[in-house]
Number of protein chains: 2
Amino acid sequence: MKKASLKDIAQQAGVSTALVSYVLNGKEKETRVGEAIAEKIRQIAKELNYQPNHLAKSLRSGKTYTIGLIIADISNPFFANIARVVEDEAKKNGYTVIIGSCDEHAEKSWDLLNVLINRQVDGFIIVSCEGSESQVHYLKERNIPFVLLDRHFPEIQTDFVATNNYKASYDAGVHLIQSGYSKIGIMAYKSNMYHMEERVRGYKHALRDNHIEFHDSWLKEVHFETMDSEVRTAIDEILASGQRVDAMIFATYGLAINALKYINELRLKVPSDLAIVSYGQAEVFDLYYCPITYVQQPLEMLGKTAVEFLLTKLKNPEEGVKQILMEARLIARESSKAKPTAVGR
Amino acid sequence: MKKASLKDIAQQAGVSTALVSYVLNGKEKETRVGEAIAEKIRQIAKELNYQPNHLAKSLRSGKTYTIGLIIADISNPFFANIARVVEDEAKKNGYTVIIGSCDEHAEKSWDLLNVLINRQVDGFIIVSCEGSESQVHYLKERNIPFVLLDRHFPEIQTDFVATNNYKASYDAGVHLIQSGYSKIGIMAYKSNMYHMEERVRGYKHALRDNHIEFHDSWLKEVHFETMDSEVRTAIDEILASGQRVDAMIFATYGLAINALKYINELRLKVPSDLAIVSYGQAEVFDLYYCPITYVQQPLEMLGKTAVEFLLTKLKNPEEGVKQILMEARLIARESSKAKPTAVGR
DNA sequence: TTTTTTTGTTTAAACGATTAAGCAGGTTGC
DNA sequence: GCAACCTGCTTAATCGTTTAAACAAAAAAA
């Protein structure tokens, strides 16, 4: 059973395809189609279960009603959740999303970008990875609409929707300090991505503003690709250091997971041996024997707003640059509970 | 800067678009294009950074090199992992995946199906939900290639790739029994989906084969939509019953998560108060204070095989029906460790 | 020299839609 | 009675490709 096309309907109705198109697109009034023939066309369309061919429509109109979503990894719960929000929000507006995982790899990201551009997506929502500045510039030059999500490049003027990571880390630091911890480490990715730097900067400022001297050994930066092993040595080091930390901030979900596994192996007790605050969001944090304090990013709003920005841009390409930093919320749990032995406050 | 088309290249080279198409598709030999002109065309194509328009190609060829993946929810780690495997495997073969989440809702699933059919996907990989039999029949009638993944309808003859759920549950049951538990409950979705029934059936047979009488109160079926509250009452009941269970099997990840939260609230100790085996797969199971024994489904193989089945079907639509049930592996952990008070063995 | 074959290229239809423009035939206005 | 306007429809171009078929010119075979 071949799919019915406009032509098939036209033939059955004994009219031209133009009329069929008009009627089926609700333009019968403007184009003065006879009421009787219109009804007949609708009838036949229903009988043949006519479904318009999106490819043809898109080729003609230049609009595919498709948006490309480039993220690091769909199997990471943070991105999976974001993706879900984006999918739903897009669908609400008649758009379809194509998701691509680039594994924090600029090259894969380029590939994805090109594949999706060839597929004529109308625009992109992108969680940029390190070294992908050129891709952003390319999109700007080519005048392809896009919105950066979760991460952005401050030196490049673009639309973006992200979290105020500085503030989030600052809050996390202050929270730990107020809970009586004073030797606070942080683990982050080795990266010059702005959002990562901000996460570290916020933490440092929290220390500074509370008159705690920062020690270089407290900052552990690991490579994304070799995270599994590096996290372990990093933990070993940070615990062995002269200034052994009593609390740690993990700048991403992946780091926290790896660290927690190792911490369990070491039989360290959270929070008595080590207090913890992490970025990210997942069931683990609730179900861990000692529920983990975490930085709750406004996932839903991030995703929705990104879609919204992109869609308005698609409607009105001339509109000005839209940028927004959303505030995260620190969800305090057991893993950072006030130190019983705290003397200070 | 408009995108360069075949026509643009043809104009610059002073030839017809046909030649350009031939050269750029590597058909210069068969179609005897002059070597000099061919080189010139390639040169100009590179200069203009020509990227073929996928829409036009697809419209002409009837192939989009796109496959639709319909799952319950991309934010569920099981599906997210599957999706990732499918994405990678598809990309390897030059295909793009469009993912849709239907929330176990037959109606949403229909919507997705139609949207994707209109977008002319070449075929589908579908994790069917309850009540979607008609959709499967529709695809068969319309002769649209598809493979069912993870779930299937035994009464409908289709390609499928799934787990041997009967065996998996049977193994889970036997494992618990051998570990000294004898009052074993199971929580599943209220559903007449085959995979769910098999999970219950395997469990029942494990009891039967080990001369343990099954009690109706040991089987708790909850509705997917109202899972949050129903799981709690189910746990309350199964623990209050005359035949209080000492172990439980959770037939899905979602059920386990909800149950564990409640079990934590109740301050029940796993496994001493209640041993646990669960389906699903996620970091939680590793990091729970008492690592959870779980049924490890061969995610990677499931996804890869589904793509493989679909692609061979796309290449050769006439080929016979392909069905495969893969074996799961029980990963035994603390949550089902041998009962210290066990008398039997 | 004429016919056939080969070579290199163009033409044009097709995929399935949209839409500006054209064209009869009927009404209305003056 | 003739221009102007409506009404209801068709024609044909277009989007960017692919590809069978046609074609002209040159080379080979007769």
Side-chain angles (χ1 to χ4, degrees), chain A residues 1-42 44-45 48-66 94 117-122, chain B residues 1-42 44-45 48-66 115 117-122:
Chain A
M1 193 67 63
K2 276 262 51 70
K3 266 194 69 170
S5 70
L6 276 196
K7 213 201 251 176
D8 299 326
I9 300 180
Q11 249 153 19
Q12 275 215 29
V15 298
S16 71
T17 62
L19 272 203
V20 181
S21 173
Y22 291 145
V23 171
L24 265 27
N25 286 300
K27 306 214 170 132
E28 34 180 317
K29 287 285 172 293
E30 305 99 288
T31 57
R32 308 172 307 236
V33 181
E35 186 46 50
I37 217 66
E39 194 43 53
K40 186 173 179 190
I41 287 172
R42 270 190 292 267
I44 296 178
L48 297 185
N49 185 31
Y50 170 73
Q51 304 283 124
N53 181 324
H54 221 279
L55 294 177
K57 272 180 128 92
S58 297
L59 181 57
R60 182 88 222 287
S61 66
K63 298 211 55 177
T64 55
Y65 291 94
T66 304
I117 288 176
N118 291 1
R119 285 177 180 260
Q120 314 292 126
V121 299
D122 292 337
Chain B
M1 194 67 62
K2 276 261 55 64
K3 265 194 69 170
S5 71
L6 277 194
K7 214 200 247 173
D8 299 325
I9 301 180
Q11 249 153 20
Q12 274 214 30
V15 298
S16 70
T17 62
L19 273 202
V20 181
S21 173
Y22 291 145
V23 171
L24 265 26
N25 287 301
K27 306 216 170 133
E28 34 179 318
K29 287 284 172 292
E30 306 99 288
T31 57
R32 310 173 307 237
V33 180
E35 185 47 50
I37 219 59
E39 194 43 52
K40 186 173 178 190
I41 287 172
R42 270 190 292 268
I44 295 178
L48 297 185
N49 185 31
Y50 170 73
Q51 304 284 126
N53 181 323
H54 220 279
L55 293 178
K57 271 179 128 90
S58 297
L59 180 59
R60 182 84 223 285
S61 67
K63 297 211 56 174
T64 56
Y65 291 95
T66 304
V115 168
I117 288 175
N118 291 1
R119 285 177 181 260
Q120 313 294 125
V121 298
D122 292 337

Looking only at heavy atoms, the pair that brings A:Lys57 and A:Pro52 closest together is NZ-CB, 3.8 Å

A:Gln120 atom CD is separated from D:dG16 atom C1', nearest whole Å, by 9 Å

First and last nt of DNA chain C near chain B, cut-off under 4.0 Å to heavy atoms, 5' to 3', are C:dT7 to C:dG16

Query - Check: A:Thr64 side chain, A:Gln120 main-chain N or O, donor-acceptor pair, under 3.5 Å - result: yes

Axis-to-axis angle across the helix from C:dT1-D:dA30 to C:dC30-D:dG1, five pairs each end, nearest 10 degrees, ~ 70°

When rounded to the nearest 0.5 Å, the distance separating CG of A:Leu48 from NZ of A:Lys3 is 12.0 Å

Rounded to the nearest 0.5 angstrom, the CG-CD1 distance for A:Leu19 and A:Ile9 is 12.0 Å

Rounded to the nearest 0.5 Å, the CG atom of B:Asp122 sits from the OG atom of B:Ser58 at a distance of 7.5 Å

For A:Tyr65, the ring pair (Phe, Tyr, Trp, His ring centres under 6.0 Å) test, sequence neighbours excluded, returns A:Tyr95

Taken to the nearest whole Å, NZ/B:Lys57 to C1'/D:dT17 is 8 Å

Which protein N or O atoms sit under 3.5 Å from an N or O of nucleotides 7-13 of chain D?
residue	atom	partner	partner atom	Å
D:dG8	N7	A:Arg32	NE	3.4
D:dG8	N7	A:Arg32	NH2	3.3
D:dG8	O6	A:Arg32	NH2	3.4
D:dC9	OP2	A:Gly34	N	2.6
D:dT10	OP2	A:Ser16	N	2.9
D:dT10	OP2	A:Ser16	OG	3.1

Rounding to 0.5 Å, atoms CG (A:Leu24) and OG1 (A:Thr17) come to a distance of 11.5 Å

Rounded to the nearest 0.5 angstrom, the CD1-OH distance for A:Ile44 and A:Tyr50 is 13.5 Å

- Query: Just wondering, do B:Asp8 and B:Gln12 contact through their side chains at under 4.5 Å, heavy atoms?
  - Reply: no

Contacts of B:Lys27 and B:Ala56 projected onto DNA chain D by closest heavy atom; the upstream (5') one is B:Ala56

Numerically ordered, the residues 5-13 of chain A set in heavy-atom contact under 4.0 Å with DNA chain C is A:Ser5, A:Leu6, A:Lys7

*asked:* Base, sugar-phosphate or nothing for B:Gln51? Non-hydrogen atoms, less than 4.0 Å.
replied: sugar-phosphate

So salt bridge (charged side-chain N to carboxylate O under 4.0 Å, His left out) across residues 22-34 of chain B, not counting sequence neighbours, yields B:Glu28-B:Arg42

Does the side-chain contact (heavy atoms from CB on, under 4.5 Å) test come out yes or no for A:Thr66 and A:His54, once each step is laid out? CA-CA 11 Å; A:Thr66 304; A:His54 221 279; 5.7 Å; no

Does a sphere of radius 6.0 Å around NZ in A:Lys63 hold more than 12 heavy atoms from other residues, nucleotides or ligands, not counting ones at 6.0 Å or beyond? yes

So CG of A:Leu55 and CG of B:Asn53: to nearest 0.5 Å the spacing works out to 10.0 Å

